[in-house]
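Counting convention: from 1, in listed order, for ligands and their atoms alike.
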Amino acid sequence: CGFVAIVGRPNVGKSTLLNRLLGQKVSITSKKPQTTRHRILGIHTEDIYQTIYVDTPGLHLDEQRAINRLMNRAASSSLGDVEMVIFVVDGTRWTEDDELVLRKLEHQKAPVVLAVNKIDNIKDKDEELLPHIQELATKYDFFNILPISAKQGKNVEQLITWSQQLLPQNVHFFP
Ligand code: GDP
């Protein structure tokens, strides 16, 4: 236990969000599973989406074993031991792949926050997409939906607050 997973298809802004959340520049360009640097335990790439596994500090784990276990579980389409999932989508571009991920996450035990990113790029706030995403999220029973801008930091504080409420009391993800 003690991991947070940031999930989403490529280019939705996962790395940008992670840098915001951790308040530091982290290197996560590698698509291959890798040893932790700055608390990133590994990146798992499926056909259509990637998962970044982030360590939560204060836990003493055999990292290599933990990574292998997570990777194996990820490979069998289950996020396994994560404490929380942040599902990132691009608020300006919803695709069928996003819905596939949404369906996969439906049976997650850990709480899922749906972060609708890039809202700074949504010119017309009444555009169709946000309501559409909201509708889908309701259909799949996600209650934690938050429009954000990882780039501008908009609502990122709110995401941190929610996460702290959703995580178990002994797990602290954020600095
Ligand atoms: P990842 O592949 O999911 O990790 O996505 P990245 O974090 O690498 O971001 C992909 C692209 O989207 C980059 O060019 C980012 O600058 C851009 N991006 C990320 N977040 C935002 C955002 O909130 N607003 C806008 N306008 N662009 C963003």
Check each atom of ligand 1 against the heavy atoms of Ala150 and keep those under 4.0 Å away; list them by number with element. 20 (N), 23 (O)

Give the C-alpha distance, both sets of side-chain angles, the deciding distance and a yes or no for side chain to side chain contact (heavy atoms under 4.5 Å, CB included) between Met84 and Ile86. CA-CA 7 Å; Met84 186 183 73; Ile86 300 174; 3.8 Å; yes

Considering distance alone, does some N or O of Ile148 sit under 3.5 Å from an N or O of ligand 1? no

Test side chain to side chain contact (heavy atoms under 4.5 Å, CB included) applied to Val88 and Ile6, step by step: CA-CA 7 Å; Val88 186; Ile6 299 177; 3.8 Å; yes

Smallest heavy-atom separation, Lys151 atom then Arg20 atom, equals O-NH2, 2.8 Å

For ligand 1, note which part of Asp120 has a heavy atom under 4.0 Å away: side chain, backbone, both or neither. side chain

Less than 3.5 Å between some nitrogen or oxygen of Pro10 and one of ligand 1, yes or no? no

Ligand-residue contact atoms, ligand 1 with Asn121, heavy atoms, under 4.0 Å: 26 (N)

Subset of ligand 1 atoms that lie under 4.0 Å from at least one heavy atom of Lys14: 1 (P), 2 (O), 3 (O), 4 (O), 5 (O), 7 (O)

For Arg103, all residues meeting side-chain contact (heavy atoms from CB on, under 4.5 Å), sequence neighbours excluded: Glu99, Leu100, Glu106, Tyr140

Under-4.0 Å heavy-atom contact with ligand 1, by part of Val12 that carries it: both

Polar contact flag for Gln152 and ligand 1 (N/O pairs, less than 3.5 Å): no

Pick from Val116, Thr16, Asn155: the one approaching atom 19 (C) of ligand 1 most closely through a non-hydrogen atom: Thr16

How long is the gap from CG on Leu102 to CG on Leu136, to the nearest 0.5 Å? 6.5 Å

For the residue pair Phe87 and Asp98, what are the closest heavy atoms and their distance? CZ-O, 3.6 Å

Under a 4.0 Å threshold between the charged nitrogen and the carboxylate oxygen, would Asp90 count as salt-bridged to Lys118? yes

